[in-house]
Structures are given as C-alpha cells and as structure tokens.
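A quick write-up on the structure given underneath.
In what follows, every heavy atom counts, from backbone to side chain, and hydrogens, waters and symmetry copies are set aside. The model shown is predicted, which means the values in this text are computed figures rather than measured ones.
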Amino acid sequence: MKITFRGAAMEVGRSCIEINSGESRILLDCGVKLTGNGIEYPILDNIKVDGVFVSHAHLDHVGSLPVLTHKKINAPIFSTPLSKEITKVLLKDSLKIEGAENISSKFNMHDIKKCINLHVPTYYNKSWVFKDFACEYFDAGHIPGSASILLDYGDKKILYTGDVKVRDTRLVKGTDLSYSYENIDVLIIESTYGNSIHPDREATEKRFLQKIKETINRGGVALIPVFAVNRAQEILLILADENFDVPIFLDGMAVEITEIMLRHPRYLKNARRLERAYSEVYVVESRDGREKVIEYLKENGGIVVTTSGMLDGGPILHYLSEMWDNPENSLILTGYQVEDSNGRHLIE
C-alpha cells in the first residue's frame, strides 16, 4: 500500500491524499490553497482515480473536484448530502470570483455540474464496501456535514480525521470518537492548531459581545465579516441569545448557506435554535435592498453579519466603503485571516 500527499503536506490548504492499495486508487479530499499570488492546486498530473472521499465542504478540501472532471476523471465522489449542497455553492462562487478577477481557472461551469452529479450520498455510522475495502463515515464535529473517514482493508485500517473539533459548539456537536481507534494502523490527522492552545471559548464570546454592545451604545454600526459556512451560523446563534434592541442584518452567501443547513437538520446540534435565530434577522436580498439598509444604519446604528470573512470580497467591502470613516462604527473580525488577505493586512 502506498500513501501519497498530493497537497496539504507541511502546509495549510489543498488537501488531497492518494491511497493506492494495488487494487484501488482513491483520493481523500481534493482542495485548493488560496494565496496572495493566486490559487494553488494539488499535484494531479497523470493521476488515476477510482473514487474520491470528501471529508467536508470547505474549498481547501473540495475546491479542486471540478479539476478532476475537467481531466475526464469521472470517479464517484462520496460525501454527506449537506456537504454536496454546500460544495456546489462554493464551487460556483469560486469560479465567479476567478472570472471577476481575471484569474485563469482550471475548470468551467460544465465541470462543476458534472462533478456535483458524481456525488454519492454517504451517511454517518453506516459501513459499505467499495472496491477492496470497507468504508465508514463518522461525524467530525468541524462543520455541519463534516466527516472523519475510516478505511478498512482487512489487514490494514486507515483513519483520515479531516478537520475535527472535539468540543460542542452552539451549532454542532463535537467529533464522534466511537470508532475503535486502538486498532488503527495509519492515522492521518489535521494538525493546523496542533501546537496551539485555543483561548477559552466563553471568554472569547464575552469579549465579542462586549465590543458589539460598546458600538451600539455609542450609536454606531457593528460590522461582522464572517465565513459563509459554519462561522456565520455560529455568530447568529450567539447574537440571538443576547436580544439586542437594534436590528441584525444578514447579507451575502451566508444567507444561502444558512437556508441549506436548515434543510438538513440532522447535521445540526439544535436546528430549531438556528431556525429561530435566522427568523429574527433581516435578510438583505438585493443591491437595492443593501443601499436602503446602509441608509438606515447610518441614521440608527445596528449590526451587520456578512461575507467575506477575510475582507477579500463580498458585500462587506461595500459596507466598509460606506462606513469606514465613522469612528462610532466598528469592524469585528471573527476568524483566521490568511496571509496576504485584506483582513491579515488590516491586523498587521
């Protein structure tokens, strides 16, 4: 058996791991790496693939799936139904952004459609056989629909954790460790923060809410850029528990992703809570609507939750262009800022 890292070795991004058993060749994820110099893809030259097993729908894990179909590789793609729907949205948006920025893409819309049609629905804790091994997905606790993948070749067991989160959040439960990890022969584990101690979550949320309250009390607007997948929904749940007396506006791709998640309640810790939180915000549905919202905010203050989380695109740039010069307003970053992103430059 041979394991080849075609991406994500000693780096964050473009996750793509090939496992060649001699009888089958599969990929664990197939993502991209977004850098200040453009997009980096996995090494996919002269590759043969029998199947692709997706851990979760973030571009660093699924962004290169259409590259495979562009190369006429039409292998089945296994993922949870929620991951499939989110992947479709992210890939279409990625292609749109590349076109707007005149970036030469390695795939087109036809490749995206074909790759989505190759998805095979896969569910947690149900083992099935593919080629010469048995496979089982376990809830990874990272984002809704994310999975750790157990491959059983009989004489060898491989566990690919994907990105994992051990503790519960408002949105999802922590990772499912019910597999028999004592018998794992090879463990492939995400370790981006492996040498870091995360700050206390409760204390972080208190600081976050305090900044919003300070902004509202002085009559300003709290601009909260978010990642559309997971972070936006988590922020909505945090805000819903506070009962702010100003309106909360939700804009950008976060709207579509939230609605997709609500169609798949089995992957949420408490779907009713998210549904309630979503019902309490004002959804910005058009550019004209956004202009009216901005006019209202300038007069009355409020809260805006919108993409993109690293300030590299999306409606947040328009809100900033209209509100940057008012010192009563605040910009509250809520996630990791990749090197060379606008958010990272701002922090530095």
Side-chain angles (χ1 to χ4, degrees), residues 12 56 58 138-146 148 161-178 189-218 220-250 254 257-258 261-262 265-281 301-311 316 329-338 343-344 346-347:
V12 178
H56 68 282
H58 274 154
F138 296 84
D139 188 349
H142 175 54
I143 65 172
S146 63
S148 296
T161 66
D163 292 2
V164 293
K165 190 177 293 174
V166 178
R167 298 175 182 173
D168 286 12
T169 67
R170 281 176 168 81
L171 187 64
V172 294
K173 294 180 180 179
T175 184
D176 175 8
L177 299 173
S178 64
I189 186 168
E190 179 264 336
S191 57
T192 306
Y193 295 103
N195 63 347
S196 303
I197 297 176
H198 282 297
D200 181 77
R201 189 176 188 85
E202 186 176 342
T204 301
E205 288 183 6
K206 286 182 178 178
R207 288 201 306 273
F208 168 68
L209 291 169
Q210 183 58 37
K211 290 298 180 183
I212 296 175
K213 291 173 183 176
E214 290 172 5
T215 305
I216 299 305
N217 288 340
R218 62 179 180 248
V221 179
L223 297 174
I224 308 173
V226 291
F227 305 129
V229 181
N230 197 71
R231 189 54 50 87
Q233 296 74 35
E234 188 78 20
I235 294 297
L236 290 184
L237 289 168
I238 293 172
L239 296 177
D241 285 346
E242 285 300 307
N243 296 314
F244 285 101
D245 59 359
V246 295
I248 301 171
F249 297 95
L250 182 66
I257 297 297
T258 302
M261 287 184 180
L262 289 172
R266 71 170 71 183
Y267 299 104
L268 304 175
K269 181 180 176 182
N270 190 326
R272 288 186 177 180
R273 283 187 66 189
L274 179 60
E275 188 172 12
R276 185 166 62 250
Y278 183 57
S279 70
E280 293 173 353
V281 302
I303 301 169
V304 178
V305 179
T306 187
T307 49
S308 71
M310 298 185 196
L311 312 182
I316 186 61
N329 300 334
S330 63
L331 176 71
I332 307 174
L333 299 175
T334 62
Y336 179 72
Q337 306 296 309
V338 169
R344 174 67 74 87
L346 183 61
I347 289 174

Original post:
Atom CG of Asp200 and atom CZ of Arg207: how far apart are they, to the nearest 0.5 Å?
Top reply: 8.5 Å

Original post:
Distance-only, no hydrogens or angles: does the Thr169 side chain make a donor-acceptor pair with backbone N or O of Val172 under 3.5 Å?
Top reply: yes

Subject >> Reported CD1-to-CG distance for the pair Ile257 and Leu262, which is rounded to 0.5 angstrom >> reply: 11.5 Å

Original post:
Just wondering, more than 12 heavy atoms not from Lys173 lying within 6.0 Å of its NZ?
Top reply: no

**OP:** First locate atom CG of Asn230, then atom OG of Ser146, and finally report the distance between them rounded to the nearest 0.5 Å.
**Re:** 8.0 Å

**OP:** Step by step, work out the side chain to side chain contact (heavy atoms under 4.5 Å, CB included) result for Leu331 and Leu346.
**Re:** CA-CA 11 Å; Leu331 176 71; Leu346 183 61; 3.4 Å; yes

Subject >> Partner residues of Arg218 under the salt bridge (Lys or Arg N to Asp or Glu O under 4.0 Å) criterion, sequence neighbours left out >> reply: Glu328

Original post:
Can you name the side-chain contact (heavy atoms from CB on, under 4.5 Å) partners of Pro247, sequence neighbours left out?
Top reply: Phe249, Tyr282, Tyr296

**OP:** Identify the heavy atoms of Ala277 and Leu237 that sit nearest to each other, and give their distance.
**Re:** CB-CD2, 4.2 Å

**OP:** Apply side-chain contact (heavy atoms from CB on, under 4.5 Å) to Asn195 and list each qualifying residue two or more places apart in sequence or on a separate chain.
**Re:** none

Original post:
Can you list the residues that meet the ring pair (Phe, Tyr, Trp, His ring centres under 6.0 Å) rule with Phe227, with sequence neighbours excluded?
Top reply: none

**OP:** Return yes if some donor-acceptor pair links the side-chain N/O of Ser308 with the main-chain N/O of Pro225 below 3.5 Å, else return no.
**Re:** no

Original post:
Considering residues, nucleotides and ligands other than Arg266, do more than 12 of their heavy atoms fall under 6.0 Å from its CZ?
Top reply: no

Subject >> Side-chain (Asn329) to main-chain (Val221) donor-acceptor, under 3.5 angstrom >> reply: yes

Subject >> Step-by-step side chain to side chain contact (heavy atoms under 4.5 Å, CB included) determination, Ile235 to Thr334 >> reply: CA-CA 9 Å; Ile235 294 297; Thr334 62; 4.1 Å; yes

Subject >> Contact summary for Ile216 and Gly302, nearest pair of heavy atoms >> reply: CD1-O, 3.6 Å

Original post:
Glu190: what forms a side chain to side chain donor-acceptor pair (under 3.5 Å) with it, not counting sequence neighbours?
Top reply: Thr192

Subject >> Shortest non-hydrogen contact between Ile143 and His56, atoms and distance >> reply: CD1-CD2, 4.0 Å

Subject >> Contact check, side chains of Ile248 and Val305, non-hydrogen atoms, under 4.5 Å >> reply: yes

Subject >> Set of side chain to side chain donor-acceptor pair (under 3.5 Å) partners for Asp241, sequence neighbours left out >> reply: Arg170, Arg273

Subject >> Sequence-distant partners of Ile347, side-chain contact (heavy atoms from CB on, under 4.5 Å), two or more places apart >> reply: Leu333, Gln337

Subject >> Leu223/Ile316 under side chain to side chain contact (heavy atoms under 4.5 Å, CB included): CA gap, chis, key distance, verdict >> reply: CA-CA 8 Å; Leu223 297 174; Ile316 186 61; 4.2 Å; yes

**OP:** Taking ring pair (Phe, Tyr, Trp, His ring centres under 6.0 Å) as the test, write out the residues that go with Phe138, two or more places apart.
**Re:** Tyr179

Original post:
In Å, rounded to the nearest 0.5 Å, how long is the span from OG1 of Thr161 to NE2 of His142?
Top reply: 10.5 Å

Original post:
So Gln233 and Met261, side chain to side chain contact (heavy atoms under 4.5 Å, CB included) or not? Walk me through it.
Top reply: CA-CA 9 Å; Gln233 296 74 35; Met261 287 184 180; 3.6 Å; yes

Subject >> Distance-minimising heavy-atom pair for Thr175 and Ala140 >> reply: CB-O, 3.1 Å

**OP:** Report the residues that fulfil side chain to side chain donor-acceptor pair (under 3.5 Å) with Arg231, sequence neighbours left out, ordered by chain and then residue number.
**Re:** none

Original post:
By side chain to side chain donor-acceptor pair (under 3.5 Å), which residues pair with Ser330, not counting sequence neighbours?
Top reply: Thr215

Original post:
Which residues satisfy the salt bridge (Lys or Arg N to Asp or Glu O under 4.0 Å) test with Lys269, sequence neighbours excluded?
Top reply: Asp168

Subject >> Any residue meeting side-chain contact (heavy atoms from CB on, under 4.5 Å) with Phe244, in chain and number order, not counting sequence neighbours >> reply: Leu209, Ile212, Lys213, Leu239, Glu242, Val246, Ile303

Original post:
Taking the side chain from Gln210 and the backbone from Glu205, do they hold a donor-acceptor pair closer than 3.5 Å?
Top reply: no

Subject >> Nearest-0.5 Å distance that lies between atom CD in Glu234 and atom CG in Leu274 >> reply: 10.0 Å

